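As the structure lists them, so they are numbered: ligands from 1, and atoms in each ligand from 1. Given the structure is predicted, the values throughout are model-derived calculations rather than measurements.
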Amino acid sequence: MKIGPVQLESPLVVSPMAGMTDTAFRRLVKRQGGCGLVVSEMVSSEGLVRGIDRTLEYAEHTEEERPVSIQIFGGDPAKMAEAARVVEQMGANIVDVNMGCPVPKIAKHNAGCSLMREPAQAAGIIAAMSTAVKIPVTVKMRKGWDEDELNAGELAKRVEDAGAKAITIHGRTAKQSYSGVADWDFISAIAKTVSIPVFGSGDCIEPADIVTRMKSGVSGVYVGRGVLRNPWILAQALDLMEGRPARTISDEERGRFLLDYMHLLLTETVPDSGKTLSRERWVINKIRALCSWYTKGFDGGAQFRIGVNSAQSIAELRDRIERFFLTAQRPDGRAAS
Ligand SMILES: Cc1cc2nc3c(=O)[nH]c(=O)nc-3n(C[C@H](O)[C@H](O)[C@H](O)COP(=O)(O)O)c2cc1C
(Lines give C-alpha, C1' and ligand atoms only; values in the text may rest on other atoms or scores of the structure.)
Protein backbone atom coordinates (compact mmCIF):
# COMPACT_ATOMS: atom_id res chain seq x y z
CA MET A 1 0.00 0.00 0.00
CA LYS A 2 0.99 3.64 -0.45
CA ILE A 3 0.66 6.91 1.43
CA GLY A 4 0.97 9.46 -1.37
CA PRO A 5 4.12 8.28 -3.18
CA VAL A 6 5.52 6.48 -0.11
CA GLN A 7 5.37 2.71 -0.52
CA LEU A 8 4.81 0.67 2.67
CA GLU A 9 6.01 -2.92 2.55
CA SER A 10 3.47 -3.89 5.19
CA PRO A 11 0.25 -2.18 6.35
CA LEU A 12 1.32 -2.56 10.00
CA VAL A 13 2.60 0.55 11.77
CA VAL A 14 4.35 1.36 15.05
CA SER A 15 1.96 3.95 16.51
CA PRO A 16 3.40 7.21 17.87
CA MET A 17 3.96 7.08 21.61
CA ALA A 18 5.42 9.99 23.58
CA GLY A 19 8.38 8.91 25.68
CA MET A 20 8.47 5.49 24.00
CA THR A 21 8.88 5.50 20.20
CA ASP A 22 12.30 7.13 20.19
CA THR A 23 14.73 6.41 17.36
CA ALA A 24 16.44 3.55 19.24
CA PHE A 25 13.17 1.76 19.93
CA ARG A 26 11.92 2.30 16.38
CA ARG A 27 15.12 0.86 14.92
CA LEU A 28 14.95 -2.24 17.06
CA VAL A 29 11.28 -2.92 16.30
CA LYS A 30 11.96 -2.44 12.60
CA ARG A 31 14.74 -5.06 12.78
CA GLN A 32 12.25 -7.68 13.98
CA GLY A 33 10.27 -7.41 10.71
CA GLY A 34 6.61 -6.98 9.78
CA CYS A 35 6.68 -3.22 10.20
CA GLY A 36 5.71 -1.00 7.25
CA LEU A 37 6.07 2.38 8.95
CA VAL A 38 7.31 3.82 12.22
CA VAL A 39 5.98 7.06 13.72
CA SER A 40 7.98 9.26 16.09
CA GLU A 41 6.88 10.61 19.44
CA MET A 42 4.89 13.83 19.01
CA VAL A 43 7.19 16.81 18.47
CA SER A 44 6.35 20.45 19.22
CA SER A 45 5.95 22.62 16.09
CA GLU A 46 6.93 25.61 18.20
CA GLY A 47 10.20 23.96 19.25
CA LEU A 48 11.00 22.89 15.68
CA VAL A 49 10.43 26.38 14.31
CA ARG A 50 12.54 27.95 17.07
CA GLY A 51 15.30 25.41 16.44
CA ILE A 52 15.39 24.18 20.04
CA ASP A 53 18.00 21.40 20.22
CA ARG A 54 15.96 19.16 22.46
CA THR A 55 12.95 19.34 20.12
CA LEU A 56 15.06 18.73 17.01
CA GLU A 57 16.48 15.62 18.68
CA TYR A 58 12.99 14.14 18.98
CA ALA A 59 12.64 14.44 15.20
CA GLU A 60 15.98 12.78 14.41
CA HIS A 61 15.87 9.41 12.71
CA THR A 62 18.11 6.96 10.88
CA GLU A 63 18.14 5.34 7.42
CA GLU A 64 17.29 2.00 8.95
CA GLU A 65 13.88 3.27 10.10
CA ARG A 66 12.63 4.29 6.64
CA PRO A 67 9.93 4.97 5.79
CA VAL A 68 9.60 7.14 8.87
CA SER A 69 6.83 9.52 9.82
CA ILE A 70 7.48 12.41 12.20
CA GLN A 71 4.44 13.50 14.15
CA ILE A 72 4.12 17.17 15.06
CA PHE A 73 1.64 19.06 17.21
CA GLY A 74 0.49 22.66 17.28
CA GLY A 75 -2.48 24.85 16.45
CA ASP A 76 -1.10 27.60 14.24
CA PRO A 77 -1.22 26.96 10.45
CA ALA A 78 1.86 29.09 9.62
CA LYS A 79 3.98 27.51 12.37
CA MET A 80 2.80 24.01 11.49
CA ALA A 81 3.73 24.66 7.84
CA GLU A 82 7.17 25.90 8.87
CA ALA A 83 7.64 22.94 11.22
CA ALA A 84 6.67 20.59 8.37
CA ARG A 85 9.43 22.18 6.26
CA VAL A 86 11.96 21.58 9.05
CA VAL A 87 10.89 17.94 9.31
CA GLU A 88 11.09 17.54 5.52
CA GLN A 89 14.59 19.02 5.48
CA MET A 90 15.62 16.59 8.19
CA GLY A 91 14.69 13.80 5.75
CA ALA A 92 11.35 12.49 7.06
CA ASN A 93 9.25 10.53 4.56
CA ILE A 94 5.91 11.65 6.02
CA VAL A 95 4.78 14.39 8.41
CA ASP A 96 1.84 13.51 10.64
CA VAL A 97 -0.35 15.92 12.61
CA ASN A 98 -1.49 15.03 16.11
CA MET A 99 -5.22 15.68 16.44
CA GLY A 100 -5.77 13.04 19.08
CA CYS A 101 -3.80 13.94 22.19
CA PRO A 102 -6.22 14.57 25.10
CA VAL A 103 -3.56 15.73 27.59
CA PRO A 104 -4.63 19.24 28.79
CA LYS A 105 -1.08 20.60 28.45
CA ILE A 106 -1.33 20.00 24.67
CA ALA A 107 -5.09 20.32 24.12
CA LYS A 108 -5.39 23.71 25.81
CA HIS A 109 -3.10 25.28 23.18
CA ASN A 110 -5.59 24.45 20.40
CA ALA A 111 -3.44 21.47 19.51
CA GLY A 112 -3.93 17.72 19.80
CA CYS A 113 -7.55 16.63 20.13
CA SER A 114 -8.90 20.16 20.62
CA LEU A 115 -8.33 20.64 16.87
CA MET A 116 -11.20 18.19 16.39
CA ARG A 117 -13.46 20.85 17.90
CA GLU A 118 -12.23 23.38 15.33
CA PRO A 119 -12.55 21.55 11.98
CA ALA A 120 -12.01 24.71 9.91
CA GLN A 121 -8.77 25.47 11.80
CA ALA A 122 -7.69 21.83 11.46
CA ALA A 123 -8.30 21.90 7.70
CA GLY A 124 -6.43 25.21 7.47
CA ILE A 125 -3.41 23.61 9.12
CA ILE A 126 -3.42 20.69 6.68
CA ALA A 127 -3.83 23.02 3.68
CA ALA A 128 -0.92 25.21 4.82
CA MET A 129 1.33 22.21 5.45
CA SER A 130 0.40 20.53 2.16
CA THR A 131 1.40 23.66 0.26
CA ALA A 132 4.64 24.00 2.20
CA VAL A 133 6.07 20.49 1.70
CA LYS A 134 6.33 17.78 -0.94
CA ILE A 135 6.23 14.86 1.51
CA PRO A 136 2.76 13.49 2.37
CA VAL A 137 0.90 15.15 5.24
CA THR A 138 -1.20 12.76 7.33
CA VAL A 139 -3.52 13.14 10.34
CA LYS A 140 -4.02 11.06 13.46
CA MET A 141 -7.31 11.74 15.27
CA ARG A 142 -9.79 10.16 17.67
CA LYS A 143 -13.52 9.43 17.27
CA GLY A 144 -14.22 12.95 18.49
CA TRP A 145 -14.05 15.06 21.62
CA ASP A 146 -16.76 13.16 23.52
CA GLU A 147 -19.88 11.09 22.79
CA ASP A 148 -21.78 14.29 21.90
CA GLU A 149 -19.13 15.39 19.42
CA LEU A 150 -18.26 12.35 17.32
CA ASN A 151 -17.02 14.28 14.34
CA ALA A 152 -14.13 12.20 12.99
CA GLY A 153 -16.27 11.57 9.87
CA GLU A 154 -16.63 15.27 9.09
CA LEU A 155 -13.00 15.99 9.94
CA ALA A 156 -11.75 13.12 7.78
CA LYS A 157 -13.49 14.61 4.73
CA ARG A 158 -12.28 18.13 5.48
CA VAL A 159 -8.64 17.14 5.90
CA GLU A 160 -8.82 14.95 2.79
CA ASP A 161 -10.06 17.97 0.81
CA ALA A 162 -7.29 20.07 2.36
CA GLY A 163 -4.61 17.69 1.08
CA ALA A 164 -4.10 14.96 3.72
CA LYS A 165 -2.79 11.73 2.17
CA ALA A 166 -3.90 9.33 4.93
CA ILE A 167 -5.80 9.34 8.21
CA THR A 168 -5.45 7.28 11.36
CA ILE A 169 -8.34 7.00 13.80
CA HIS A 170 -7.94 5.87 17.40
CA GLY A 171 -11.41 4.49 18.17
CA ARG A 172 -11.96 6.38 21.43
CA THR A 173 -12.99 9.95 22.29
CA ALA A 174 -10.63 12.42 23.97
CA LYS A 175 -12.85 12.26 27.05
CA GLN A 176 -12.38 8.49 27.23
CA SER A 177 -8.61 8.87 27.11
CA TYR A 178 -7.70 5.14 27.36
CA SER A 179 -10.80 3.84 29.14
CA GLY A 180 -13.42 1.63 27.53
CA VAL A 181 -12.68 -0.15 24.27
CA ALA A 182 -11.71 1.14 20.85
CA ASP A 183 -14.71 1.31 18.51
CA TRP A 184 -13.60 -0.41 15.31
CA ASP A 185 -17.12 -0.33 13.78
CA PHE A 186 -16.86 3.45 13.87
CA ILE A 187 -13.42 3.35 12.23
CA SER A 188 -14.63 0.96 9.49
CA ALA A 189 -17.63 3.19 8.73
CA ILE A 190 -15.37 6.21 8.19
CA ALA A 191 -12.96 4.21 6.03
CA LYS A 192 -15.82 3.82 3.52
CA THR A 193 -16.43 7.56 3.24
CA VAL A 194 -13.02 8.86 2.09
CA SER A 195 -10.77 7.83 -0.77
CA ILE A 196 -7.41 8.18 1.03
CA PRO A 197 -6.11 5.29 3.19
CA VAL A 198 -7.62 5.04 6.67
CA PHE A 199 -5.64 3.28 9.40
CA GLY A 200 -7.27 2.04 12.59
CA SER A 201 -5.78 2.23 16.08
CA GLY A 202 -6.74 0.72 19.39
CA ASP A 203 -6.45 -2.39 21.53
CA CYS A 204 -4.42 -4.72 19.30
CA ILE A 205 -2.63 -6.62 22.04
CA GLU A 206 -2.22 -10.03 20.42
CA PRO A 207 -1.04 -10.73 16.84
CA ALA A 208 -4.47 -12.27 16.09
CA ASP A 209 -6.17 -8.96 17.03
CA ILE A 210 -4.26 -7.27 14.22
CA VAL A 211 -5.31 -9.95 11.73
CA THR A 212 -8.96 -9.48 12.73
CA ARG A 213 -8.75 -5.68 12.44
CA MET A 214 -7.09 -5.88 9.03
CA LYS A 215 -10.34 -7.47 7.82
CA SER A 216 -12.47 -4.53 9.02
CA GLY A 217 -12.10 -2.43 5.88
CA VAL A 218 -9.12 -0.33 6.97
CA SER A 219 -5.97 0.06 4.86
CA GLY A 220 -3.70 -0.72 7.80
CA VAL A 221 -3.38 -0.97 11.55
CA TYR A 222 -1.39 1.17 14.00
CA VAL A 223 -0.19 -0.75 17.05
CA GLY A 224 0.88 1.07 20.20
CA ARG A 225 0.86 -0.65 23.57
CA GLY A 226 0.96 -4.07 21.91
CA VAL A 227 4.42 -3.23 20.53
CA LEU A 228 5.63 -2.06 23.95
CA ARG A 229 4.64 -5.43 25.39
CA ASN A 230 5.84 -7.44 22.44
CA PRO A 231 8.11 -5.81 19.82
CA TRP A 232 7.60 -8.90 17.60
CA ILE A 233 3.82 -8.46 17.38
CA LEU A 234 3.90 -6.95 13.88
CA ALA A 235 6.16 -9.73 12.55
CA GLN A 236 3.92 -12.34 14.19
CA ALA A 237 0.76 -10.76 12.74
CA LEU A 238 2.31 -10.71 9.28
CA ASP A 239 3.21 -14.40 9.71
CA LEU A 240 -0.46 -15.14 10.40
CA MET A 241 -1.67 -12.92 7.56
CA GLU A 242 0.61 -14.77 5.15
CA GLY A 243 -0.55 -18.20 6.34
CA ARG A 244 2.45 -19.14 8.50
CA PRO A 245 2.36 -19.95 12.20
CA ALA A 246 3.36 -16.92 14.25
CA ARG A 247 7.06 -17.05 15.14
CA THR A 248 7.85 -17.85 18.75
CA ILE A 249 10.15 -15.60 20.73
CA SER A 250 12.42 -17.02 23.39
CA ASP A 251 13.09 -15.37 26.74
CA GLU A 252 16.66 -14.91 25.57
CA GLU A 253 15.53 -12.89 22.53
CA ARG A 254 13.31 -10.80 24.78
CA GLY A 255 16.22 -10.13 27.11
CA ARG A 256 18.55 -9.29 24.20
CA PHE A 257 16.02 -6.73 22.92
CA LEU A 258 16.18 -4.86 26.25
CA LEU A 259 19.97 -5.05 26.36
CA ASP A 260 20.22 -3.84 22.75
CA TYR A 261 17.83 -1.00 23.53
CA MET A 262 19.95 -0.01 26.51
CA HIS A 263 23.09 -0.18 24.37
CA LEU A 264 21.62 2.04 21.61
CA LEU A 265 20.38 4.56 24.16
CA LEU A 266 23.79 4.66 25.81
CA THR A 267 25.85 4.92 22.65
CA GLU A 268 23.82 6.37 19.80
CA THR A 269 21.19 8.77 21.05
CA VAL A 270 21.22 12.09 22.83
CA PRO A 271 19.54 12.19 26.24
CA ASP A 272 16.43 14.32 25.81
CA SER A 273 16.58 15.77 29.27
CA GLY A 274 19.62 17.82 28.35
CA LYS A 275 21.60 18.97 31.30
CA THR A 276 19.10 18.04 33.98
CA LEU A 277 19.92 14.32 34.06
CA SER A 278 23.09 12.32 33.52
CA ARG A 279 22.95 10.00 30.51
CA GLU A 280 23.02 6.99 32.85
CA ARG A 281 20.04 8.26 34.84
CA TRP A 282 18.14 9.06 31.64
CA VAL A 283 18.76 5.56 30.25
CA ILE A 284 17.68 3.96 33.54
CA ASN A 285 14.41 5.93 33.37
CA LYS A 286 13.83 4.93 29.76
CA ILE A 287 14.38 1.22 30.53
CA ARG A 288 12.07 1.44 33.54
CA ALA A 289 9.36 3.03 31.36
CA LEU A 290 9.61 0.29 28.74
CA CYS A 291 9.75 -2.49 31.34
CA SER A 292 6.48 -1.35 32.87
CA TRP A 293 4.82 -2.51 29.62
CA TYR A 294 7.29 -5.14 28.46
CA THR A 295 6.80 -7.65 31.25
CA LYS A 296 3.05 -7.20 31.81
CA GLY A 297 1.46 -10.60 32.30
CA PHE A 298 4.87 -12.30 32.36
CA ASP A 299 5.48 -14.94 35.06
CA GLY A 300 7.50 -13.15 37.74
CA GLY A 301 7.08 -9.85 35.81
CA ALA A 302 5.89 -7.86 38.82
CA GLN A 303 8.92 -8.87 40.86
CA PHE A 304 11.23 -8.16 37.94
CA ARG A 305 9.76 -4.66 37.62
CA ILE A 306 10.40 -4.01 41.32
CA GLY A 307 14.02 -5.00 40.70
CA VAL A 308 14.28 -2.76 37.65
CA ASN A 309 12.69 0.17 39.47
CA SER A 310 15.17 -0.08 42.32
CA ALA A 311 18.29 -0.52 40.15
CA GLN A 312 20.57 2.48 40.62
CA SER A 313 23.11 1.91 37.88
CA ILE A 314 23.36 0.55 34.34
CA ALA A 315 25.40 -2.39 35.64
CA GLU A 316 22.68 -3.28 38.14
CA LEU A 317 19.99 -2.96 35.49
CA ARG A 318 21.93 -5.14 33.06
CA ASP A 319 22.43 -7.74 35.76
CA ARG A 320 18.69 -7.86 36.56
CA ILE A 321 17.75 -8.19 32.90
CA GLU A 322 20.32 -10.94 32.34
CA ARG A 323 19.22 -12.85 35.42
CA PHE A 324 15.55 -12.67 34.50
CA PHE A 325 15.73 -13.38 30.77
CA LEU A 326 19.07 -15.01 30.05
CA THR A 327 19.66 -17.37 32.97
CA ALA A 328 17.43 -19.76 34.86
CA GLN A 329 17.36 -17.54 37.96
CA ARG A 330 13.82 -16.20 37.72
CA PRO A 331 12.48 -14.74 40.98
CA ASP A 332 9.52 -17.13 40.63
CA GLY A 333 11.88 -20.06 40.35
CA ARG A 334 10.75 -20.75 36.77
CA ALA A 335 13.59 -21.51 34.36
CA ALA A 336 14.06 -19.08 31.48
CA SER A 337 13.61 -20.87 28.13
C1 LIG B 1 2.53 5.94 26.37
C2 LIG B 1 1.69 6.40 25.19
C3 LIG B 1 2.06 7.55 24.51
C4 LIG B 1 1.31 7.98 23.40
N5 LIG B 1 1.72 9.07 22.70
C6 LIG B 1 1.07 9.43 21.54
C7 LIG B 1 1.58 10.48 20.72
O8 LIG B 1 2.60 11.10 21.00
N9 LIG B 1 0.86 10.77 19.58
C10 LIG B 1 -0.28 10.09 19.22
O11 LIG B 1 -0.87 10.40 18.18
N12 LIG B 1 -0.75 9.08 19.97
C13 LIG B 1 -0.10 8.72 21.10
N14 LIG B 1 -0.55 7.65 21.84
C15 LIG B 1 -1.72 6.90 21.36
C16 LIG B 1 -1.27 5.69 20.54
O17 LIG B 1 -0.56 6.05 19.38
C18 LIG B 1 -2.48 4.82 20.14
O19 LIG B 1 -3.30 5.52 19.24
C20 LIG B 1 -3.32 4.40 21.36
O21 LIG B 1 -2.49 3.97 22.42
C22 LIG B 1 -4.28 3.25 21.02
O23 LIG B 1 -3.61 2.18 20.43
P24 LIG B 1 -3.09 0.88 21.26
O25 LIG B 1 -4.27 0.30 21.97
O26 LIG B 1 -2.53 0.01 20.16
O27 LIG B 1 -2.05 1.36 22.22
C28 LIG B 1 0.17 7.25 22.96
C29 LIG B 1 -0.20 6.10 23.69
C30 LIG B 1 0.55 5.66 24.77
C31 LIG B 1 0.13 4.42 25.50
Side-chain angles (χ1 to χ4, degrees), residues 11-23 25-26 29 34-35 37-45 47-48 55 58-59 68-74 87 94-107 109 111-116 122 137-144 152 155 159 164 166-174 176-184 186-187 198-214 216 218 220-231 233-234 236-237 272 285-286 288-294 296:
L12 310 182
V13 180
V14 175
S15 209
M17 284 177 284
M20 310 306 298
T21 54
D22 54 63
T23 172
F25 185 75
R26 298 191 305 256
V29 175
C35 168
L37 179 69
V38 293
V39 189
S40 73
E41 316 174 59
M42 59 180 172
V43 187
S44 155
S45 56
L48 287 169
T55 310
Y58 281 123
V68 58
S69 170
I70 301 297
Q71 185 186 70
I72 63 174
F73 68 90
V87 161
I94 294 171
V95 58
D96 185 60
V97 179
N98 184 316
M99 296 194 192
C101 183
V103 175
K105 191 171 79 176
I106 307 289
H109 293 295
C113 205
S114 49
L115 279 174
M116 293 196 75
V137 177
T138 61
V139 176
K140 183 162 177 285
M141 60 178 81
R142 286 183 174 239
K143 274 172 85 176
L155 189 66
V159 297
I167 294 163
T168 303
I169 303 168
H170 174 194
R172 289 184 174 86
T173 62
Q176 275 181 296
S177 191
Y178 291 92
S179 66
V181 289
D183 183 350
W184 281 80
F186 182 93
I187 300 170
V198 172
F199 292 80
S201 161
D203 302 344
C204 289
I205 297 299
E206 297 295 333
D209 300 333
I210 300 175
V211 181
T212 306
R213 297 316 183 188
M214 276 305 295
S216 68
V218 293
V221 173
Y222 272 47
V223 187
R225 291 165 294 180
V227 178
L228 302 180
R229 291 165 75 131
N230 171 16
I233 190 172
L234 305 184
Q236 290 171 324
D272 66 3
N285 289 348
K286 295 283 289 182
R288 284 182 184 170
L290 179 59
C291 281
S292 71
W293 300 95
Y294 199 74
K296 256 191 192 151

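- Residues of the protein with a heavy atom under 4.0 Å from ligand 1 are S15, P16, M17, A18, M42, Q71, N98, K140, H170, Y178, S201, G202, D203, V223, G224, R225, listed by chain and number.
- Taking 4.5 Å as the limit, every side-chain heavy atom of H170 sits out of range of all side-chain heavy atoms of S15.
- In this structure the side chain of R213 reaches within 4.5 angstrom of the side chain of W184, judged on heavy atoms.
- Considering only heavy atoms from C-beta on, S44 comes within 4.5 Å of F73 through its side chain.
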- Task: Please assess I70 against V68 for the test side chain to side chain contact (heavy atoms under 4.5 Å, CB included), listing each intermediate value before the final yes or no.
- Result: CA-CA 7 Å; I70 301 297; V68 58; 4.3 Å; yes
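- Here the side chains of M20 and L290 are in contact, with some heavy-atom distance below 4.5 Å.
- Relative to the six-membered ring of Y58, R26 misses at least one condition, a distance below 6.0 Å or an angle of at most 45° to the axis.
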